[in-house]
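Written below as structure tokens is the structure these notes are about.
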Amino acid sequence: MGMILKGPKGTQDVLPKDSYKWKFVENTILNIASTFHFKEIRIPTFEHTDLFCRSVGDTSDVVEKEMYTFEDKSSRLITLRPEGTAGTLRSVIEHGLLNGLLPLKLFYILSCFRYENLQTGRLREFHQFGAELLGPASPEADFEVIKMGCEIFKALGITNFLLEINSIGCSKCSHKYKKQLMDYMSARKDTICPTCLERLEKNPMRILDCKDKGCQNVVTTTPIILDSICDECKEHLEFLKNYLNADNIEYIVNPKIVRGLDYYVKTVFEFIVELNGSKLTVCGGGRYDNLINELGGPKTSAVGFAIGLERIVMILDELSNIKDTNCDLYIAVIDNDGWIKSIPMVNRLRSQGYIIEIDLMNRSLKSQMKYANKIGAKYSMVIGSNEIETGRAKIKNMSTSEEQEVDMLTFSLMKIN
Ligand code: HAM
């Protein structure tokens, strides 16, 4: 097969046999988002490269290694968005939305692009649902977005998720921990992996979630960030925990969660689901109180998260508790007079919301009925010369083979057994 007949590595087609799952996931999520009164924002697929360097961060893997960056025909440096937060903030600042009513509660569903090493649950084009709550600095806001995440998983029928939270401190206190960590790691340089060795100066915290065995060994004994954050950050986390406890939301505090993007302060969190023995992070988020200001907007606190939709669909595939919609009525016709006679009936039933199919392949009656069976039609009807003449036809229940005669122009599918 030629190269162009194969999608690029890391991309995925959603075929018709699977697309109902996506629709279910998106509709379910949109419903929950609207009960929290979040409003949708739609942003471009590409932005100036600089935006991501300044937000996601120069020292993150995403910016260092994974961005799809190119020069356009006018030599502008452009990047396909690796995530949704940066573009959302660019848009919010550009359109002055922070001068209006606060809090600003936004959500998006969009494609993201990261040049990742491929493994389970990792793609180069993937999709996120993201929510951003701009304005409040309060732990209530952290609770509100985490709560929305929980509600989304519940509504999707995913109950076995694990919520992990942490605080990575604020700009006032996190440098103290970074310094401590750097000293600790520097004394153990021979045990940590080459990537972390490189990160040591710029972003020592990333070592905490490195998958390398050597690094993980070192990490078991490293100083814990929660011991060195300031009182304000500690109190913030305590309040969040109080809210989660009050609402009986189960969670663990995992001091090793640092997140892969550079903009977080204070609260960070992840939702994890175990799938076929491996742990899959299906949602990640946290607070980013300095980012809006750093990007040139007014000083505004914010917190948000994003859910990876491919991972959700993978999990639902395992649970297999959602079903595709089926054809309600298949209409078999023997000639074009039958087709014409059926038009008003088809129009009426479709306008009532029923899923109707009628032969489009000029097949024999026998093959039409075979087809109706294969597509799982609930009912079928044959329009022959008698039906054309009288305007009455037999409607057949495909699973019981029961038949009932009806008037083609007036019958109600609701009243058929
Ligand atoms: P993130 O942790 O980079 O955060 O991505 C969020 C989720 O997107 C992940 O938990 C995962 O489910 C999914 N995801 C990430 N990379 C891939 C990939 N290569 N293939 C498939 N799924 C993937 C963010 O993007 C932040 N913008 C979240 C946020 C919003 N924080 C505050 N507001």
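The analysis underlying the following values was restricted to heavy atoms, covering all of them including side chains, and did not include hydrogens, waters or symmetry mates. Counting starts at 1 for both ligands and their atoms, in listed order.
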Any ion pair linking Lys266 and Glu232 (charged N to carboxylate O, less than 4.0 Å)? yes
Identity and separation of the nearest protein heavy atom to atom 24 (C) of ligand 1: Leu261 CD1, 3.4 Å
Sub-4.0 Å atoms of ligand 1 with respect to non-hydrogen atoms of Gly121: 20 (N), 21 (C), 22 (N)
Is it the case that ligand 1 has an N or O less than 3.5 angstrom from some N or O of Ile307? no
Salt bridge flag under 4.0 Å for residues Lys147 and Glu144: no
So among Tyr379, Tyr354, Tyr371, which one has a ring-ring contact (aromatic ring centres under 6.0 Å, His included) with Tyr330? Tyr371
Does a side-chain heavy-atom distance below 4.5 Å link Phe143 with Asp247? yes
Which residue and non-hydrogen atom of the protein lie closest to atom 31 (N) of ligand 1, and at what distance in Å? Tyr264 OH, 2.6 Å
Quick one: does ligand 1 sit under 4.0 Å from the side chain of Tyr263, the backbone, both or neither, non-hydrogen atoms only? side chain
Using 4.0 Å as the upper bound for N to carboxylate O, is an ion pair formed by Lys23 and Glu26? no
Of Phe305, Tyr243, Phe271, which is the lone residue that meets side-chain contact (heavy atoms from CB on, under 4.5 Å) with Ile146? Phe271
When Trp22, Phe107, Phe38 are each screened for ring-ring contact (aromatic ring centres under 6.0 Å, His included) with Phe129, the one that passes is Phe107
Numbering the atoms of ligand 1 from 1, which are under 4.0 Å from a heavy atom of Arg114? 1 (P), 3 (O), 5 (O), 15 (C), 16 (N), 25 (O)
Ligand 1 versus Glu310: contacting region, heavy-atom distance under 4.0 Å: neither
Under-4.0 Å heavy-atom contact with ligand 1, by part of Leu280 that carries it: neither
Just jot down the ligand 1 atoms closer than 4.0 angstrom to any heavy atom of Gly285, in number order. 31 (N)
Among all protein non-hydrogen atoms, which one is nearest to atom 27 (N) of ligand 1, and what is the separation to 0.1 Å? Glu83 OE1, 2.6 Å
Salt-bridge contact Glu164-Lys279 (side-chain N to carboxylate O under 4.0 Å): no
Which residue and atom name correspond to the protein heavy atom nearest atom 7 (C) of ligand 1, and how close is it? Ala306 O, 3.7 Å
How far is atom 8 (O) of ligand 1 from its nearest protein heavy atom, and which residue and atom is that? Gln128 NE2, 3.3 Å
Contact check: Tyr108 vs ligand 1, nitrogen or oxygen atoms, below 3.5 angstrom: no
Under a 4.0 angstrom heavy-atom cut-off, which atoms of ligand 1 come close to Arg122? 20 (N)
Who's the nearest protein heavy-atom neighbour of atom 18 (C) of ligand 1, and how far? Phe126 CD2, 3.4 Å
Should you measure from each heavy atom of Gly284, which atoms of ligand 1 turn up under 4.0 Å away? 10 (O), 28 (C), 29 (C)
Per-atom contacts, ligand 1 versus Glu116 - under 4.0 Å to a heavy atom: 16 (N), 18 (C), 19 (N)
Donor-acceptor side-chain pairing of Asn397 and Ser399 below 3.5 angstrom: yes
Assess whether atom CG of Asp13 is packed by more than 12 heavy atoms of other residues, nucleotides or ligands within 6.0 Å. no
Under 4.0 Å, heavy-atom basis, I'd like to know which part of Cys283 is in contact with ligand 1: side chain, backbone, both or neither. backbone
Relative to the heavy atoms of Arg259, which atoms of ligand 1 are at a distance of less than 4.0 Å? 1 (P), 2 (O), 4 (O)
Tell me, yes or no, whether the heavy-atom count around Asn117 atom CG, taken from other residues, nucleotides or ligands under 6.0 Å, exceeds 12. no
Are Asp317 and Lys21 ion-paired here, with the side-chain N under 4.0 Å from a carboxylate O? yes
What protein heavy atom sits nearest atom 9 (C) of ligand 1, and how far off is it? Thr281 O, 4.1 Å
Protein heavy atom at shortest distance from atom 33 (N) of ligand 1: Glu132 OE1, 2.8 Å
Ionic contact status for Arg81 with Glu83, cut-off 4.0 Å: no
